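Below: one structure, written as structure tokens.
Order of the sequence lines sets the chain letters (A, B, ...), proteins ahead of strands, with each chain counted from 1. All values reported here derive from a predicted model rather than from experimental measurement.
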Amino acid sequence: MKKLINDAHVVVAESVEGFVQAHADLVKSSGNPEELFVSRAGGAVQGKVGLVSGGGSGHEPLHAGFVGKGMLDAAVPGPVFTSPTPDPILAATKAADGGAGVLHIVKNYTGDVLNFETAAELAEAEDILVKAIVVNDDVAVQDSLYTAGRRGVAGTVLVEKIAGAAAERGDDLDGVLAIATRVNDNVRSMGVALTACIVPHAGKPSFDLADDEIEIGIGIHGEPGRKRIKAVSADETTDLLLTPIVEDLGLSGGEKVVLFVNGMGGTPSSELYIVYRRARSQLEAKGVTVERSLVGNYITSLEMQGCSITLLRLDDELTELYDAPVDTPALRWGA
Amino acid sequence: MKKLINDAHVVVAESVEGFVQAHADLVKSSGNPEELFVSRAGGAVQGKVGLVSGGGSGHEPLHAGFVGKGMLDAAVPGPVFTSPTPDPILAATKAADGGAGVLHIVKNYTGDVLNFETAAELAEAEDILVKAIVVNDDVAVQDSLYTAGRRGVAGTVLVEKIAGAAAERGDDLDGVLAIATRVNDNVRSMGVALTACIVPHAGKPSFDLADDEIEIGIGIHGEPGRKRIKAVSADETTDLLLTPIVEDLGLSGGEKVVLFVNGMGGTPSSELYIVYRRARSQLEAKGVTVERSLVGNYITSLEMQGCSITLLRLDDELTELYDAPVDTPALRWGA
Amino acid sequence: MADTLDIAWATDWVKACAAVVAEHRMELIDLDRAIGDGDHGENLDRGFKAVLVKLEAAEPATVGDVLKLVATTLMSTVGGAAGPLYGTAFLRAAKTADGATIDAAGVADLLAAGVEGIVARGKAEVGDKTMVDAWAPAVEAARAAAEAGKTATEALRAAATAARTGAETTDPLVARKGRASYLGERAIGHRDPGAESSAMLLEAAADVAEGGG
Amino acid sequence: MADTLDIAWATDWVKACAAVVAEHRMELIDLDRAIGDGDHGENLDRGFKAVLVKLEAAEPATVGDVLKLVATTLMSTVGGAAGPLYGTAFLRAAKTADGATIDAAGVADLLAAGVEGIVARGKAEVGDKTMVDAWAPAVEAARAAAEAGKTATEALRAAATAARTGAETTDPLVARKGRASYLGERAIGHRDPGAESSAMLLEAAADVAEGGG
Ligand SMILES: Nc1ncnc2c1ncn2[C@@H]1O[C@H](COP(=O)(O)OP(=O)(O)O)[C@@H](O)[C@H]1O
Ligand SMILES: Nc1ncnc2c1ncn2[C@@H]1O[C@H](COP(=O)(O)OP(=O)(O)O)[C@@H](O)[C@H]1O
Ligand SMILES: [Mg+2]
Ligand SMILES: [Mg+2]
Ligand SMILES: [Mg+2]
Ligand SMILES: [Mg+2]
């Protein structure tokens, strides 16, 4: 394992320290290693619904990269690939509260759900109103009685962006939750890995892929995916991801979408655009309009090579909220 | 070799096609595969000095990602790691000319220099005034009679940003060249590779690094570096890059810099911030103020793991130009 | 072999947990790499190391105090799924142990409260390929030992043996909870990491009670 | 064995260049991977494939016309350092060959003009570990053959042999131009890819003149 790290145990602490130094105009850290979170440099916005997200580290820029005007108020980075505990989530929730309540944006993993639940209980005991949206956009996982339900993956970025804009617009907690729910109901993703990643404390790849194999339906924690196949061309790989998404969303001609091609961290952006090109032409062939596009590393799996495709079905209000100004370290427009 | 590509020979064409589709609000492509270039969606700005850069592909987002208001007017992507020929450079130069002449921003490699030179001659034959800045910021290479001179690496991004702001401000061609020269004179970089990259048409790694080796002084084309050593901690690696930069720049206490930690494409951004943290604390210990920070994948070597550190000595005018609005696919602020 | 267990046992058990988790850290990581995300050993190791530090500074009066300290510390240091689950298990178990000592029936009550906590949070049933598959048979074995008039130590050993067998029964299962559930059939043939760590912790409990560990 | 070379030779030479470059594409890539950026074989292959297409459509009248077509096509398709360097070489060579045929002295003139073009653009000297190390001795050998009254074909063969030896002399050198110059001592022991491709192209020229290739 070769990594630009000093010690597997301080990776998150050192990285967050550098991050807040580099973006001190936008964010600050709690400074407390026991209750580590990142929040807006200016603190909570009075009267605005606060948005808090978090989860295991290793998915950067998610979540801390999305703290700032128009998106999150605070982010809680857990250890690599491990949900943070309730303490820092509670601390972040307090820091994000501007008196209008706080929305927790939680990716659907048992650990995240349980730890955010506990934090929410504790926050309510301190009279902070908390609601949660559990994002579950990954079509690689069947949502059934026999699984922990669909995972939350790249759709989370769009939930954070759009719910963030709704909060900035002045919606109340129920309103922001309703928007977040609408995004979650209309967003679907699926990913592919060309290589596994190495979790610093494990020191070896999360799974072994042969030189001519790819893993379809990969999660963002180096979990193995739905199936392993021989590597195929970028166009064929794209189709393998896109088809289940389009079917699950029930997309039909005339509809409008955000097409979001996300890199898993180790793939050159040039390759992401090759995937984007194919996905776009397949969508256009179905009469679906690609109204907005996002291409890049936004929710990653350390240095994993691969990508995910996300589609969000747009209506006028969601489009307006997507377009609203955002000013964070990792996503910035109109600001 | 596993890559999200269809065919090594159309990698650049397909990727650029996807890129301009995804960022159609900002950029467009020439559409002509024989003279492929990317330029601003709105075309040349009348009366403004045009900025054209280019070079081999595989360094994305450089250069096409920096086309837009406040930065480049056109970018010419050659084949992977191969300088484009004079034809597309000439075509891009014409497209970028708003009547006030064009500045070529050329990284110092024999191929780039020769092809841009030819294009400039041809442009002048068509009555377009062309000047060139040859960027050579890489301290890993001795600038001497016995080399092709220092290479142009990550400093190029800062030259493009700041010269772009000068052009936007209305400086004439000599003025923009003077600013670009001042940036080049005050910027130094050095890089490290943890892994090599694989050029699609070669199909194998550009060099072989053992599992416990790193290559110090790497270029951006998968060229081997200055020396190969056993992997050391992120802090030690940072010091190995930073020390020669600081010395070469002759930085002393009280001075102000941009600290730019650039990812080579395959390194998680969390690691870049660990490097940033160390570099910043070393600079502060010397009394140097980190006035501005840039951390991320801005000039890459395909999926190579590693990073480079760049320092630019700032004066008030350069700071102002650095801060000026920029609105491109890969760099955006104040706009 | 003691008829009842006291605070010394509880303290030693906690230390033994920290030791066993540190020793088998990589083994638990590897189990979790196979069907999860490769952090289970790291998570528990971080948690129990923190418990040791807390224990040093604390002056617990009862077995329940010790278990509560474990509960809150795991809750705030482990994270992931295992943190809240083990945390709740120890918290509920602590509530059953407010006396000076616990007998065999007390062991059964303690474990029963623990598994109820896990189920309350995680909603898993036996056969879902989770830590419940180790805890549930352990409760039954302890209850049977208590009803047969065995000592607390014997009840613990019976529980540990049953937990070990229970952990082994997860090997052929498809998972229905936690990360491994995403894998479908591909989880077959792999042991659930949480069931394995649960068996280890209960074995440590019995070892310590028997004077070993 | 022809005393002079005509347009048929020139056309066949160009085709032979395309063939030899395609055949040795990976070998040239590997040489360039070692001390450069691994694209030399790909660059030349792309360029000469384009030359074949252009040649198909063109109706050149002289050796010079053929070489000019090669020059402009390489210039606009090869890129990198080799594109302008080979392009200029062929362009200058073309200017020396505006008659119907060329004799041994003409071969020497042609090659001399070529290397002057390379030096004009790249500023390299013999011993800098570049393609000049193949071209410069080739010119000398051709000149000597011409002065000794040899045929054009013999002059070409002498040039090719000298270019081959010249390419080999780059092995032990430190590079002072091009990408390999960044490597310092580490370039020692590796052949310069441009010198190797130059030797290949001149060998192809002799082979074709001798009726082989
Ligand atoms: N819903 C659940 N109920 C009971 N146990 C569960 C549940 N979900 C997960 N687990 C247990 O947690 C273990 C994984 O813990 P750990 O790896 O630390 O957390 P994470 O899955 O968040 O990475 C699993 O092996 C399983 O035994
Ligand atoms: N200044 C120069 N003068 C002469 N030949 C040069 C010079 N620089 C490079 N070369 C030749 O070009 C070859 C490399 O060509 P190529 O790999 O196609 O271009 P690049 O170096 O741009 O990738 C070298 O092997 C060398 O022979
Ligand atoms: Mg985890
Ligand atoms: Mg090249
Ligand atoms: Mg786990
Ligand atoms: Mg080369």
**Q.** Heavy-atom proximity to chain A below 4.5 Å, by part of C/Ala175
**A.** backbone
Q. Under 3.5 Å, is there a donor-acceptor pair between the side chain of A/Asn115 and the main chain of C/Gly80?
A. yes
Q. Just wondering, more than 12 heavy atoms not from C/Glu125 lying within 6.0 Å of its CD?
A. no
Q) Between C/Arg121 (side chain) and A/Leu114 (backbone), is there a donor-acceptor pair under 3.5 Å? A) yes
**Q.** Non-hydrogen atoms of C/Ile29 and A/Ala202 that approach each other most closely
**A.** CG2-CB, 3.8 Å
Q: Write down the atom of A/Asp87, the atom of C/Ser76, and the distance for their closest heavy-atom approach.
A: OD2-CB, 2.7 Å
**Q.** Side chain / backbone / both / neither for C/Thr77 at chain A, heavy atoms under 4.5 Å
**A.** backbone
Q. In chain order, what residues pass the ring-ring contact (aromatic ring centres under 6.0 Å, His included) check against C/Phe90, with sequence neighbours excluded?
A. C/Trp13
**Q.** Separation of A/Arg150 CZ from C/Tyr182 OH (nearest 0.5 Å)
**A.** 11.5 Å
Q: Please report the shortest heavy-atom distance between C/Asp37 and A/Val199, naming the atom on each side.
A: O-CG2, 4.3 Å
Q.
Less than 6.0 angstrom from the centroid, inside 45 degrees of the normal: does C/Arg33 satisfy that with respect to the ring of A/Phe207?
A. no
**Q.** Proximity breakdown for C/Asp128 and chain A, heavy-atom pairs closer than 4.5 Å
**A.** neither
Q: Kindly indicate whether the side chain of A/His201, heavy atoms from C-beta on, has any atom under 4.5 Å from the side chain of C/Asp39.
A: yes
Q: Heavy-atom distances under 4.5 Å only: say whether C/Val78 touches chain A with side chain, backbone, both or neither.
A: backbone
Q | Interchain contact, C/Ala34 with chain A, by part (heavy-atom threshold 4.5 Å) | A | backbone
Q | Whether over 12 other heavy atoms sit under 6.0 Å from A/Asp211 CG | A | no
Q: Work out which heavy atom in C/Glu42 is nearest to a heavy atom in A/His9; give both atom names and the distance.
A: OE2-NE2, 3.1 Å
Q.
Taking atom NZ as the centre, does A/Lys3 end up with more than 12 heavy-atom neighbours from other residues, nucleotides or ligands that are less than 6.0 angstrom away?
A. yes
(Q) If you count heavy-atom pairs within less than 4.5 Å of chain C, which of A/Ser83, A/Gly56, A/Pro86 leads? (A) A/Ser83
(Q) Out of C/Ala81, C/Gly184, C/Ala82, return the one with the most heavy atom pairs under 4.5 angstrom to chain A. (A) C/Ala81
Q: May I ask you to name which of A/Gly55, A/Gly203, A/Pro79, A/Gly78 has the most heavy-atom pairs under 4.5 Å with chain C?
A: A/Pro79
(Q) I'd like to know if A/Glu34 and C/Lys54 make a salt bridge, using a cut-off of under 4.0 Å between side-chain N and carboxylate O. (A) no
Q. Closest heavy-atom contact between C/Arg179 and A/Tyr109?
A. NH1-CD2, 3.6 Å
Q | Taking every non-hydrogen atom, the tightest pair across A/Thr82 and C/Arg46 | A | CG2-NH2, 3.8 Å
